[in-house]
Amino acid sequence: MLLNIKVIGLTLITMALGFFIFNIIFDKVIIRSTEYLGKRLAKKTKSKFSLILIELTSFLSILLYPITLIIFLIRLDFDTRGFSEIFLITTLSFLLIFFLLSSTLIEARKLYISHNFFVTNFCRNLNTSINKKYFEGSYLQNIINLILKQAKDLYVISLIGYLTLIFLTHLNWGINIFFVGLLLIPSYGVYWVYYTNFFVFNIEKRHVFIRRVIGYFIVGFLSIYIVHSEYISMIFENNQALYLFIIFVIWSNTFILLDRILKEIHSDYLNFKNNSN
């Protein structure tokens, strides 16, 4: 027990130092290097075709990043054990390319003011027109903004849960302590939903609402994944009772999941419409 606590403490200290060093390297070396290279590249890029090509590459890199991660995850058959290295390499590569191209475009706009940056202007105008026509002031836009506001806190609580799971599975614990550790992980989610600071209730009702919906989605995804695994292993067995039980679990989980999510969204939507009117 004492050894495990020491290992956890040293691991957390090492991670904190690693994040601190990485932040310094990222800010002082990577960002400044890409800015310098971007300025040099912008000065050498004078033709309209080259500028349009850089714009297209920058735009496509944003689209290809999530697509690449999804393709790798599918090819690994959703085995996350080998996905962390791919995620790290892909993310760092994307950031380097994106920062370099962004620095180049920023400097190019200063140097070539008369040039019509077609791709950038087209995307900006398209985004503006779509927002005005479909999203501006809409419930969907409101929900998207609400979800984005939760991203930072969700990342932090997910990281804490992930580290807890790693410590539980890679260190030797007693059966009862391991069980209590497993109970901690969903407790983090509940804490994230209803509290803001250290055990201070979240008074923003809409923040609590969207966090509940996100929690339902996560629990629903995990339930579907587990039930799907059971379904695949059961389908080749000649066991009628087990088959009916799995079907019942699938139906009941799907109904409860959709009922809870739609109930929350329905209530929030009615409040949104009433407040808008």
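Any value given below was found using the heavy atoms of this structure, including those in side chains, with hydrogens, waters and symmetry copies removed.
- When all heavy atoms are compared, the tightest approach of L168 to W173 is O-CD1, 3.4 Å.
- Nearest heavy atom pair, residue I143 against residue D268, reads CD1-OD2, 4.0 Å.
- The distance from atom CD1 of I247 to atom OG of S252, rounded to the nearest 0.5 Å, is 11.0 Å.
- Within a 6.0 Å radius of CG in L183, more than 12 heavy atoms belonging to other residues, nucleotides or ligands are found.
- Taking every heavy atom of both residues into account, D153 and R211 meet most closely at OD2-NH2, 3.0 Å.
- Taking 4.5 Å as the limit, every side-chain heavy atom of K149 sits out of range of all side-chain heavy atoms of I210.
- Rounding to the nearest 0.5 Å places CG of L182 at 7.5 Å from CZ of F179.
- To the nearest 0.5 Å, atom CG of residue N271 and atom NE2 of residue H266 are 10.0 Å apart.
- In this structure, L148 CG and Q150 CD are separated by 9.5 Å, a value rounded to the nearest 0.5 Å.
- In this structure, S267 contributes its side chain and E264 its backbone to no donor-acceptor pair below 3.5 Å.
- Atom CD1 of residue I256 and atom OG of residue S223 lie 9.5 Å apart, to the nearest 0.5 angstrom.
- For the salt bridge (Lys or Arg N to Asp or Glu O under 4.0 Å) test, no residue two or more places apart in sequence or in another chain qualifies with D259.
- Between V213 and I261, the closest heavy-atom pair is CG1-CG2, 4.3 Å.
- The CD1 atom of I160 sits 8.0 Å away from the CG atom of L163 when rounded to the nearest 0.5 Å.
- Under the 4.5 Å side-chain heavy-atom criterion for ILVMFWY residues, no single connected hydrophobic cluster contains both V193 and V219.
- The two residues W192 and L154 make their nearest non-hydrogen contact at NE1-N, 3.6 Å.
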